[in-house]
Every structure is written in C-alpha cells, then in structure tokens.
Amino acid sequence: MAEDNFNTADISEEEEEGTKMSDDSDLKVELSVFRAQWMSELAPSTDNKKGLPSRSADLKRKQELAREEKASKLFLKAVEQEQNGAVYEAIKYYRRAMQLVPDIEFRINYTRSPDSDGVGMNYLEETDTNKEIDDLLSYFQQQLNLQEACLKICQPDIEMTQTHISALPMEVLMYIFRWVVSSDLDLRALEQLSLVCRGFYICARDPEIWRLACLRVWGRSCTKMVPFNSWREMFLERPRVRFDGVYISKTNYIRQGEQSLDGFYRAWHQVEYYRYFRFFPDGQVMMLTTPEDPVITVTRLRNRNARMESLLYGHYRLSQDTDNQTKVFAVVSKKKEEKAPEYHKNRYYNCCSPVQEAEHSFHMGLQLSSGGCQRFNKLNWIHHSCQITYRSTDETVVTAFDIDKTYTPLFFARVKSYTASSEKPL
C-alpha cells in the first residue's frame with residue numbers, strides 16, 4: 001500500500017509540473033505575439049509605404065464616424081424639439097451637435113441615417129425627397145391619389161367620434177377657405193392654413209382663389225396671367241398696396257415762435273406729427289394726420305366707419321407706367337355729414353352776406369417701392385395738392401404743395417387685429 005501511494009504521489013507531481021510547463025509556454029507565446037504586434041505598430045511596415053491605411057488611421061476614421069453619427073442624432077433631436085415648440089430644448093441639442101461637428105448642418109443630409117428607432121428618420125427622408133421635387137403641388141396630388149381610390153383631403157391622426165373635416169365635400173371646403181381669405185384679402189392666413197397638411201396645401205393653391213384676389217386688386221387690368229405663370233405668382237410678385245396694416249410716416253421740424261415782451265429771447269417750437277394711410281381692397285382709402293402716437297391711433301383705424309375729426313376718406317387707383325414703376329393716386333376729402341336745416345328767425349339774416357360753403361379735396365400721388373426685407377412697404381411722395389370748390393359759384397381753386405423734407409416716406413406696419421375676423425367671404 002505504501003508503494004502504491006508513493007507512485008500516485010509521483011504521478012500527480014509530474015502532472016502538475018506538466019501543466020506549469022504548458023502555462024509557461026502559453027504565456028511566452030502570448031508575450032511574443034504582443035511584442036510582435038507592438039513592434040508592428042511602432043515601426044511602419046512595408047505595406048503602409050505602399051498606401052494602405054494604418055490601424056491608427058482606421059481608428060481615427062472610426063472615431064470621426066462615431067462622432068458625426070452622434071452629432072447627427074443630436075441635430076435631428078433638436079429639429080424634432082423645434083417642430084414641437086420646445087425652442088430652449090432644441091437650442092441645447094443644436095449646441096451639443098455643433099460642438100461635436102461644427103458643420104453638421106451642411107453634412108447631415110449626406111451622412112448615413114441613424115438606427116430604425118433613431119430620432120429624425122422621417123425628417124431625413126423628407127429632406128431628401130424635397131430636393132428631387134420640382135412641383136410640390138403635383139407631388140402632393142399624386143400622393144393623395146396613390147393612397148386611396150376615393151380621394152380625401154386629409155385623415156385624422158387619432159380616432160374620434162365626431163365628424164372629421166375630411167368628410168366635407170370639396171365645394172364646402174373651398175367655401176371655408178374663401179372665408180379664411182375674406183373680403184380683406186388675408187392671403188397670409190391662407191398660407192398659414194396650407195401648412196396643416198398636404199390636402200390643405202392643395203386647397204390653398206386653388207387657382208380660383210388667387211384669381212379672385214387678383215381681380216379684387218387690379219380689376220379688369222389682370223384678365224391674363226402673362227408674364228406670370230400662375231395667379232398666385234401674379235399676386236405675390238406684381239406691385240400692389242398692402243391691406244393688413246397701415247402706412248405711417250413721421251415728420252419733425254422746428255418752427256420759430258413769437259418774441260418775448262421784453263425782447264430778450266425768442267421761443268422755438270419742435271413740431272412732430274404722423275401721417276397714416278390705410279388701403280382697402282375695394283379701392284377705398286383713409287388718411288389721417290395727427291400728433292398722436294401709432295400705438296393709440298392704429299386701433300382707431302380698424303373700422304372704416306371710424307369717426308374722427310381729422311380723418312379723410314376717399315378712393316385710390318394703381319397705375320403702372322412704361323418705366324415699370326407703380327404709382328398710387330388717391331383723392332380724399334372730409335366725410336359729408338347730413339345736417340338738419342336751420343331756420344333763422346332774425347329779420348336781419350337775409351341782409352347779411354352769406355358765408356360761402358366750400359368743399360375741400362386733397363389729391364396725392366405716391367410711388368410704391370420695396371425697402372428692406374419686406375415687399376411693397378414704402379410709399380414716396382411725388383404730388384400733393386388741395387382743390388377747393390365753392391358751391392355757390394362752382395369755382396374751383398387748386399393749390400399745389402412743394403414736396404420738401406416734411407414729406408417723409410411712408411412705411412408699412414402690419415396690424416394683426418385688422419385681419420382677426422372676417423365679415424364676408426372672398
């Protein structure tokens with residue numbers, strides 16, 4: 001028994017020594033592989049000299065791709081936040097994306113799209129398709145025709161028990177759109193309505209709406225679209241006055257006052273006043289000259305039947321000369337008010353010379369131009385005269401005023417309250 005135990009002990013010791021030898025050999029092999037790899041990284045090989053990218057270059061390229069992909073995800077997340085109205089959150093994501101890749105805004109369309117569950121997948125697809133679309137209106141019409149055999153303008157995003165607007169006939173929808181434009185030609189509201197969905201975009205581009213708008217502005221002079229491609233293009237590009245606000249000018253000058261009683265000094269007065277013009281699509285115009293600030297005066301011009309002592313009413317017309325300059329000619333006067341007849345019982349009344357009643361009308365010529373970022377927002381004075389007609393003799397006296405520095409240009413200011421409600425459809 002003692003010999004057997006001794007033999008087994010010798011065998012176990014030999015096995016342990018064998019395993020130690022194998023482990024040592026494995027470590028030596030790993031060390032040799034590590035040394036070879038390390039030396040190959042330190043010393044450039046002959047393959048690198050032939051132009052093949054090294055591992056450091058591959059690692060650097062992978063890091064750049066990873067950084068660009070992360071920046072694109074952050075940028076698309078910022079786009080989604082901005083579309084949802086979270087502007088502050090969008091700014092944070094924009095800043096983080098630009099810190100990673102400063103020109104990510106211009107490179108995002110050319111990078112590979114994020115994962116299927118990543119943010120902004122639809123945005124990338126839409127931006128790519130928009131580049132290939134020349135006519136967005138025909139593209140939307142084609143998409144609606146492909147979706148269903150029965151053409152529907154739009155579809156609800158969520159299930160609802162009430163009747164959706166897509167169930168209305170096309171004629172009713174177009175009548176609603178004409179109410180949106182209204183008789184005041186609020187085409188800005190129509191453009192905002194077209195951003196709701198593809199179907200509303202198609203309805204907002206209906207040629208009949210834009211044709212009626214052009215007829216309201218230019219009348220018979222716009223029976224043809226030439227040289228424009230569409231009625232919408234004519235309304236946007238052809239010079240015209242704007243109706244959703246007022247044209248305002250501010251005038252300052254210094255006037256010499258009377259001398260003091262002791263003759264020691266003479267007063268000087270600084271005069272400041274405003275001129276207001278508001279145009280309507282039906283050819284009417286209102287003019288007001290007052291020293292009050294626009295904040296107070298603009299609200300009073302909301303209604304065309306406003307009652308103010310210095311408010312003048314009249315009509316205007318657009319004229320386009322051969323030099324392609326559009327001019328606005330307006331004639332305004334005091335609004336006539338019916339007065340009850342007065343019977344004078346004084347016996348000496350007929351003996352006195354009666355006061356001659358006269359009608360005052362002001363004729364103005366303005367040149368329409370564009371200034372700054374807005375279009376058709378500036379009116380320059382070219383003519384101003386006063387015509388007095390005496391009723392008793394039908395005599396007319398015309399007084400022309402010199403256009404000097406006091407006739408400052410009028411600039412347009414949009415007033416949201418003017419188009420807040422609709423009285424009549426287009």
Any donor-acceptor pair under 3.5 Å from Arg242 side chain to Asn377 backbone: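 Pair absent, no side-chain N/O of Arg242 close to backbone of Asn377.
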Report yes or no: does Ser319 contribute a side-chain atom to a donor-acceptor pair with the main-chain N or O of Lys327 at less than 3.5 Å?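 Here the side-chain-to-backbone pair does not exist.
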Taking Lys73 first and then Glu68, would you say they form a salt bridge - that is, a charged N and a carboxylate O separated by under 4.0 Å?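 Salt bridge flag = no for Glu68 with Lys73.
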Run the side chain to side chain donor-acceptor pair (under 3.5 Å) test against [X] and tell me which residues pass, sequence neighbours left out.
X: Tyr253; answer: none
X: Thr406; answer: Asp404
X: Tyr407; answer: His384
X: Arg96; answer: none

Suppose we screen for side-chain contact (heavy atoms from CB on, under 4.5 Å). Which residues come up paired with [X], at least two apart in sequence or across chains?
X: Pro294; result: Ile248, Tyr274, Tyr276, Val298
X: Ile388; result: Ala358, His360, Cys386, Tyr390
X: Asp206; result: Met174, Glu208, Ile209
X: Ile165; result: Cys154, Leu168, Leu173, Phe200

Tell me, please, whether [Y] has [X] positioned over its six-membered ring: NZ or CZ under 6.0 Å from the ring centre and within 45 degrees of its axis?
X: Arg238; Y: Phe228; answer: no
X: Arg278; Y: Tyr418; answer: yes
X: Arg240; Y: Phe376; answer: no

Please, which pairs that meet salt bridge (Lys or Arg N to Asp or Glu O under 4.0 Å) have at least one residue in residues 368-381, sequence neighbours excluded?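 As it turns out, the salt bridge (Lys or Arg N to Asp or Glu O under 4.0 Å) pairs with a partner in residues 368-381, which skip direct neighbours, are Glu237-Arg375.
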Give me each pair satisfying salt bridge (Lys or Arg N to Asp or Glu O under 4.0 Å) with a member in residues 161-178, each pair once, sequence neighbours excluded.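 Qualifying pairs: none.
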For Tyr94, all residues meeting ring pair (Phe, Tyr, Trp, His ring centres under 6.0 Å), sequence neighbours excluded: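 Partners of Tyr94 by the ring pair (Phe, Tyr, Trp, His ring centres under 6.0 Å) criterion, ordered by chain and then number, come out as Phe75.
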Non-neighbouring partners of Tyr316 that pass ring pair (Phe, Tyr, Trp, His ring centres under 6.0 Å), sequence neighbours left out: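 Only Phe279 meet the ring pair (Phe, Tyr, Trp, His ring centres under 6.0 Å) criterion with Tyr316.
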